[in-house]
Amino acid sequence: MKTSMYFGPFGGQYVPETLIPALDELEEAFLASATDSSFGEELLTLLRDYDGRPTPLYFASRMTKALGGAKIYLKREDLNHTGAHKINNALGQVLLAKRMGKKRIIAETGAGQHGVATATAAALFGLECVVYMGEEDIRRQAPNVDRMDLLGAKVISVTSGTGTLKDAVNEAIRDWVTNVEDSFYVIGSVMGPHPYPLMVREFQKVIGIEARAQILEKEGRLPDQVIACVGGGSNAMGIFHAFVKSAWRRGGWGWRRESTPPPSPEDGRGCSTAPTPTCSMMTTDRFSPPIPSPQGSTIRGSARSTATSTTQAGPLMSPSPTTKLLKPSGAPAASRGSSPPLRAPTPSPTSTAPLPPCRRTASCW
Amino acid sequence: MTSIAQAFAGKKALITYLAAGDPDLETTAFLLKLLDREGVDLLEVGIPFSDPLADGPVIQQAGQRALSGGATLKKILALLKTLAPEISAPRVLMGYMNSLIAYGLEAFADDSAAAGVSGVIVPDLPFHQSEELASLLKERDMDFILMVTPNTTDKRLKAIAEKASGFLYCVSTLGVTGDSANAGTPLKEYTDRVRSITSLPLALGFGVNSPEKARLAAEAADGVVVGSALISLLEPCGTNLECLEKKAVPFLRSLQPSLQPGSGLVK
C-alpha cells in the first residue's frame with residue numbers, strides 16, 4: 001500500500017485474498033491519475049459538459065422563513081445529469097477503468113441512483129455494464145431498473161441473503177472475485193476496501209469545493225453548519241471535505257447525529273449498524289464499523305426508501321480520536337456556538353410502531 | 001509436531017468444511033464425530049456469518065440456516081470444548097473478521113485455545129492486516145492459516161508464507177467456494193509455484209465436488225478441502241441423523257481412495 005488505508009481506527013481491506021492484486025492495481029492507477037493532468041482535465045470537461053456542473057447553490061427562502069432559524073441554502077446535486085450526485089463518482093471511476101484497459105464494469109445499487117449513474121458512464125465510454133440489485137429493491141424502484149436497461153446495462157436480481165443493498169454488494173464482490181482480471185468494480189459510496197473510500201471522496205469533493213466558493217460569493221462568509229444525509233456517506237464527505245479545515249480553525253468541528261434512536265437489533269428491523277441508524281438524517285453520524293448484531297452478522301436495514309438502507313457508513317464517517325463528538329441538536333453541546341441548531345423531528349420508535357420512513361433530503365428536516 | 005502437521009504426515013489429507021449450527025448445533029456435533037470416525041484428517045468448522053464474501057451460495061445458505069437456528073460463536077466454542085475429548089482430528093475454525101471483532105480478538109483466541117482449536121482461517125483478513133490476530137494465536141500455540149490464490153504474486157506469496165503456519169490454503173480458482181466452473185490455472189502449475197516458495201503443506205479447496213476433482217487436487221497438493229459438495233449432499237437430511245450418516249459415509253469413502261497415490265483410482 002502506498003497510501004494510508006485508515007481513517008482513525010477505521011478503514012482497511014477486509015476482502016478475500018483474490019482481490020488484493022486488483023486493489024493494488026487500482027490504488028496504483030488511482031494515485032497516478034491524481035497527478036496526471038490529462039486525467040484531471042478529461043474529468044473536469046466531462047463534469048462540466050456532460051454532467052452539467054457546477055450545480056447551483058440555491059437560497060431556500062420559504063424554508064428559511066418556515067423554520068425561522070438559520071438562512072438555508074441547498075446545494076442542488078439533484079440537478080446533475082441522472083438526477084443525483086452519484087454521477088460525479090461514476091464518471092471518475094469509469095474514466096479510470098477505461099484508462100486501466102478494463103472491459104467490463106460491475107456495480108451494486110440500492111435505490112438505483114448509483115446503478116443509473118454507472119450505467120450512464122459505462123454507456124458513455126462504450127463499456128459492458130452489470131448492475132447487481134436486490135430483488136426487493138428492483139420491485140420498489142422499477143423506473144430506475146428501466147433506465148439502466150435502456151442504457152444497455154444488465155441488471156441482475158439478487159435473491160441471496162435479505163435481497164437488498166448489502167446482498168447486492170456481496171454479489172458484486174463475488175462477481176469481481178470471479179472476473180477480477182478484466183472487470184472494474186465501481187463502488188457507489190465512501191465504503192468498501194481501500195482505496196475506495198479515499199477515491200470516492202476525491203471524486204465527490206467537487207460538491208464541497210463548489211459549495212464553499214458559492215457561499216463565500218453569496219454571503220461573504222462560511223456557513224455555521226453544513227448538513228448532509230448519510231447512507232454510506234458519499235455526498236456527505238463530498239460536501240464536508242472542503243469545509244473541514246475552516247471548521248477546525250473556528251474550533252467548531254464535530255460530528256453530530258440528527259436522527260431517530262437506533263432500534264434494538266433484537267427487534268429485527270433496525271438499520272443495522274448498532275450505533276448508527278443509517279436511515280436517519282444526520283449532520284453526519286458517529287460511525288463504527290459494521291458490527292450490527294451481537295454476533296457480528298448484519299441484519300437488514302429498515303428504511304422504506306432503499307436509498308438509505310445501507311448497513312454501514314464508510315470509515316471516513318467515523319470519529320477519529322481527534323474528532324469532537326457533539327450531542328444531538330435536541331440537547332446542544334455546551335461548547336457549541338450560539339447559533340440555534342436545526343431540529344429534526346425525533347419520534348421514538350417502539351418495538352411495535354413502524355419506523356418513520358426515511359424520505360429524500362429536504363423532507364426529513 | 002503440531003496436530004495440524006500430523007494431519008498431513010505421510011498421506012494426503014482429507015479436510016471437510018461444515019457450517020457450525022447448520023441446521024442446529026446438535027446435528028453439527030453428530031456430524032463432527034461422524035467425520036472424525038470416518039477418518040477425515042482435519043475438520044474445518046465454519047462460523048456462520050450473514051455476508052460471507054468468499055463463499056458461494058451453498059455455504060451462505062448453510063450459514064443462514066445456522067444463524068436462524070440460533071448459532072453464535074460463543075455456543076460454537078462451547079460445543080467444540082465439549083467435543084474436544086471425543087474427536088481426534090484437529091479442528092480449525094473458519095470465520096469472517098466481523099464475527100471475531102464482535103467477540104473480541106483476545107477473548108476469541110483464549111476461548112478457541114480452551115476449546116482445543118488447532119488453527120484459525122479468516123478469509124477476509126488479508127495477511128497485511130493480520131498481525132494482531134496472528135500473534136494472539138501464536139501465543140496460544142494455535143496455527144494461523146492463510147489463503148493464497150492463483151493471482152497472488154510471488155512477492156506476496158513469500159510474505160504470506162512467512163506469516164502462515166500449519167498449512168497454506170490454496171484457493172483453486174478465481175471465484176468463491178463451491179464454484180467449480182472456473183477452471184483457470186492448471187492446478188499442478190499453481191501448486192508447483194507455491195511449493196517453490198514454501199515448505200508448508202498445501203491444501204487445495206474451492207470447487208472440489210467429486211472423487212475425480214479430489215484426485216486431481218490431491219495430485220497437486222498435500223490435502224483437499226471439501227465443503228459445498230458435502231453441505232449440499234447433507235442439506236436435505238435436515239436433522240435426521242440416520243439420513244445424514246447414510247449420505248455422508250459413502251461420500252467420504254468414495255473420496256478417500258482417490259486422494260492416496262498408489263491406489264487403483266489414481267491414473
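Computed from a predicted structure; not experimentally measured. Within every chain, numbering begins at 1; the chains are lettered A, B, ... in the order of the sequence lines, protein sequences first and strands thereafter.
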Trainee: Locate the shortest heavy-atom distance separating Glu17(A) from Phe127(B); write the atom from each residue and the value.
Mentor: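 Reported closest heavy-atom pair: OE1-N, 4.5 Å.
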
Trainee: How far does CD1 of Ile20(A) sit from OG1 of Thr149(B), to the nearest 0.5 angstrom?
Mentor: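 One finds 9.0 Å between CD1 of Ile20(A) and OG1 of Thr149(B).
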
Trainee: Which bit of Pro126(B) comes within less than 4.5 Å of chain A, counting heavy atoms only: side chain, backbone, both or neither?
Mentor: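 It is both, since atoms from each part get that close.
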
Trainee: Search all heavy atoms of Gln60(B) against all heavy atoms of Ser160(A) and return the closest pair with its distance.
Mentor: OE1-CB, 3.6 Å

Trainee: Out of Leu53(B), Asp124(B), Val176(B), which residue meets the side-chain contact (heavy atoms from CB on, under 4.5 Å) rule with Ile173(A)?
Mentor: Leu53(B)

Trainee: With a 4.5 angstrom heavy-atom cut-off, which part of Pro52(B) approaches chain A: side chain, backbone, both or neither?
Mentor: both

Trainee: Any side-chain to backbone donor/acceptor pair from Asn151(B) onto Thr18(A)? Under 3.5 Å, distance only.
Mentor: yes

Trainee: Nearest 0.5 Å, what's the CG-CG distance between Asp51(B) and Asn170(A)?
Mentor: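 Spacing of CG (Asp51(B)) from CG (Asn170(A)) equals 4.5 Å.
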
Trainee: As an exercise, state the distance from CD1 of Ile101(B) to OH of Tyr14(A), rounded to the nearest 0.5 Å.
Mentor: 5.5 Å

Trainee: Which pairs count as salt bridge (charged side-chain N to carboxylate O under 4.0 Å, His left out) when at least one residue sits in residues 161-174 of chain B, sequence neighbours excluded?
Mentor: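 Found Glu131(B)-Lys163(B).
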
Trainee: Chain A heavy atoms under 4.5 Å from Ile47(B): which part of the residue, side chain, backbone, both or neither?
Mentor: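 For Ile47(B), there is no contact with chain A at all, as no heavy atom is under 4.5 Å.
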
Trainee: Out of Arg156(B), Met147(B), Gln129(B), Lys74(B), return the one with the most heavy atom pairs under 4.5 angstrom to chain A.
Mentor: Gln129(B)

Trainee: Who are the side chain to side chain donor-acceptor pair (under 3.5 Å) partners of Tyr96(B), not counting sequence neighbours?
Mentor: Asp55(B)

